[in-house]
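Have a look at the structure below, then the notes.
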Amino acid sequence: MTESAPLLRQAPGSSHQGGLSFQVEGRDPGSPARAGRLQTPRGTVPTPAFMPVGTYGAVKSVTPHELRETGTSILLGNTYHLYLRPGHEVIEGLGGLHRFMGWDGPILTDSGGFQIFSLSAMRAVTDQGAEFRSHLDGSLHLLTPEKAIEVQASLGSDIAMPLDECPPGGAARGAVEAAMRRTTAWARRCLERARSLREQRGAAPALFGIVQGGVHADLRREHAAAIVSLGFAGHAVGGVSVGEPPALIHEIGALTGPLLPEGSPRYMMGLGRPQDLIRLIGSGFDLFDCVMPTRNARNGTLFTSGGVIHIKNEAHRRDPRPLEEGCPCQACRGYSRAYLRHLFLSREILGHRLNTLHNLTHYHGLVRSAREAIVAGRFAAWSRQTLARLDAGDGDD
RNA sequence: GGGGGCGUGGUGUAGCUGGUUAACACGCCGGCCUGUCAAGCCGGAGAUCGCGGGUUCAAGUCCCGUCGCUCCCG
């Protein structure tokens with residue numbers, strides 16, 4: 001973990017790496033898929049990796065200790081939410097987000113760009129930044145690219161995301177192009193602010209660039225080139241699964257993944273279902289985050305290698321079996337589907353916890369299997385078989 | 001014994017002075033959820049209105065009887 005041999009040969013601005021290094025340890029001969037190791041000052045992340053979403057400084061219903069048990073190696077936190085509550089300066093005063101929430105592993109923070117998009121009813125975006133109203137109390141705030149970096153730095157984030165503009169799936173081409181230009185301009189400002197912070201304080205988060213471009217192949221190519229040229233420590237694809245036809249998710253991934261540098265991490269933002277992760281790993285992506293395993297757990301949808309289980313369904317009322325035979329999670333080790341169904345229908349918080357632990361364990365197990373398959377040189381077969389099981393089953397086999 | 005109130009889908013209730021396919025909540029069944037305003041959202045099944053009779057073009061909605069529950073007075 002102390003070794004710091006940056007492999008960002010393609011990235012000219014290696015001074016922006018913020019203590020990160022990334023090694024590719026295995027490649028699939030038939031696709032861009034690779035297995036790697038992302039080293040951060042707070043620990044190593046074997047890739048492909050899934051990042052549970054801890055918006056408010058907590059992965060809902062579970063503790064950091066339990067997250068470790070599910071296989072979590074890196075978390076996602078959120079600038080927008082923590083800035084509004086309790087306030088980044090409060091967290092900074094208490095020793096930073098890691099100490100505040102009791103998680104000592106790496107944290108990647110989202111910039112708030114997605115909230116500008118998803119809370120669109122209460123915002124106005126200009127070149128200066130995004131002016132928005134708090135969803136908590138209606139107060140007015142201005143989030144600039146510089147501010148986004150400052151907030152993430154004071155949280156103590158290990159990997160910060162630049163402020164970007166994420167147009168909705170149905171956006172007109174012109175709007176997508178405008179969002180790209182703005183995202184590029186903001187990316188430069190974010191890099192500059194990170195550089196100056198590093199000079200002032202001696203430390204600043206590593207920064208990943210974000211590629212926009214909507215559903216247009218030429219725009220994705222153009223923006224990938226623009227962002228890659230700026231020398232980020234890693235690269236993300238944003239603006240995916242924001243309302244466009246689902247089939248395009250994989251097309252965008254297949255096109256854009258290989259356009260990003262091989263020597264640094266590739267992050268597909270906000271994805272996805274297990275099927276999506278498998279395909280995107282096949283397109284060369286290393287990092288993912290998504291609310292799906294945690295939110296769906298609380299809403300009663302549980303993931304297994306045979307497909308999805310709706311735990312509230314009548315079919316599970318008297319089912320003594322675990323969700324998935326052999327799953328190492330707390331829920332599968334100790335409880336029946338019938339009991340989990342009962343907890344869900346009774347709205348017991350234990351149900352939310354067990355369901356969340358199961359879904360995260362399943363997600364981490366999935367990407368770990370992908371990693372092992374890549375290292376073993378059998379990713380193509382693994383991918384085909386795993387997808388086939390998901391497509392065939394309903395989880396109740 | 002006398003007087004009053006109530007009986008509407010599984011449960012609890014709406015249904016104004018009678019007028020199209022009886023509403024709501026919860027429950028039940030099913031689905032959705034992709035950089036979390038989300039322990040959330042959407043949909044479906046389910047009552048002919050205690051029972052019998054009457055008035056009326058038309059009754060859950062008025063009248064009579066009856067059964068059940070309930071309150072008050074003896």
Side-chain angles (χ1 to χ4, degrees), chain A residues 50-62 75-82 84-85 107-123 132-138 148 152 159-169 183 208 210-212 236-246 248-250 252-253 267-277 279-280 285 287-303 308-317 341 343-356 359 363 394:
Chain A
F50 179 79
M51 302 183 280
V53 177
T55 301
Y56 276 108
V59 175
K60 297 185 194 304
S61 86
V62 297
L75 285 184
L76 182 140
N78 199 284
T79 299
Y80 169 87
H81 301 266
L82 294 171
L84 289 179
R85 183 167 65 188
I107 296 177
L108 178 149
T109 45
D110 191 14
S111 65
F114 186 73
Q115 278 63 46
I116 296 169
F117 151 69
S118 65
L119 305 176
S120 57
M122 29 190 177
R123 49 82 163 152
F132 62 90
R133 290 199 175 276
S134 162
H135 70 280
L136 299 173
D137 61 8
Q152 293 178 81
I159 301 172
M161 301 304 294
L163 190 66
D164 67 322
E165 182 174 358
C166 178
T183 296
F208 282 13
I210 302 178
V211 175
Q212 292 290 343
V237 173
V240 179
S241 193
V242 288
E244 75 279 20
L248 294 181
I249 290 173
H250 302 135
I252 296 168
Y267 165 29
M268 177 58 85
M269 304 184 78
L271 271 285
R273 299 134 72 222
Q275 301 92 305
D276 299 325
L277 299 197
R279 293 200 168 90
L280 292 165
F285 286 91
L287 294 170
F288 305 90
D289 80 282
C290 191
V291 300
M292 188 163 283
T294 46
R295 180 189 291 170
N296 283 20
R298 299 191 306 279
N299 292 337
T301 299
L302 303 173
F303 296 94
V308 135
I309 289 178
H310 293 121
I311 197 61
K312 73 176 177 182
N313 285 180
E314 168 76 21
H316 309 116
R317 189 151 88 105
R341 175 177 191 269
L343 290 180
F344 183 77
L345 293 178
S346 305
R347 298 180 179 174
E348 282 293 335
I349 53 179
L350 179 59
H352 294 296
R353 281 170 34 72
L354 292 174
N355 292 348
T356 298
N359 276 355
Y363 263 63
D394 59 2

Output one line per pair: protein atom, nucleotide atom from nucleotides 25-29 of chain B, and distance, for all N/O pairs under 3.5 Å.
from: B:G27; atom 1: OP1; to: A:R347; atom 2: NH2; distance (Å): 3.4
from: B:C29; atom 1: OP1; to: A:E314; atom 2: OE1; distance (Å): 2.8
from: B:C29; atom 1: OP1; to: A:R341; atom 2: NH2; distance (Å): 2.5

Selection residues 346-356 of chain A - residue pairs positive for salt bridge (charged side-chain N to carboxylate O under 4.0 Å, His left out), sequence neighbours left out: A:E66-A:R353
With sugar-phosphate meaning primed atoms plus P, OP1 and OP2, does [X] contact a base, only sugar-phosphate, or nothing at under 4.0 Å between heavy atoms?
X: A:D289; result: sugar-phosphate
X: A:D164; result: base
X: A:G113; result: nothing
X: A:Q275; result: nothing
X: A:I349; result: base
X: A:L136; result: nothing
X: A:S61; result: nothing

Whether A:H135 and A:H81 hold their rings parallel, tilted or perpendicular, with breakpoints at 30° and 60°: perpendicular
Derivation of the ring-ring contact (aromatic ring centres under 6.0 Å, His included) call for A:F132 and A:Y80: CA-CA 10 Å; A:F132 62 90; A:Y80 169 87; 5.3 Å; yes
Under the salt bridge (charged side-chain N to carboxylate O under 4.0 Å, His left out) test, residues paired with A:R85 that sit two or more places apart: none
Rounded distance (Å) that lies between atom P of B:C37 and atom CZ of A:R298: 11 Å
C1' atoms of B:C33 and B:C41, separation to the nearest Å: 8 Å
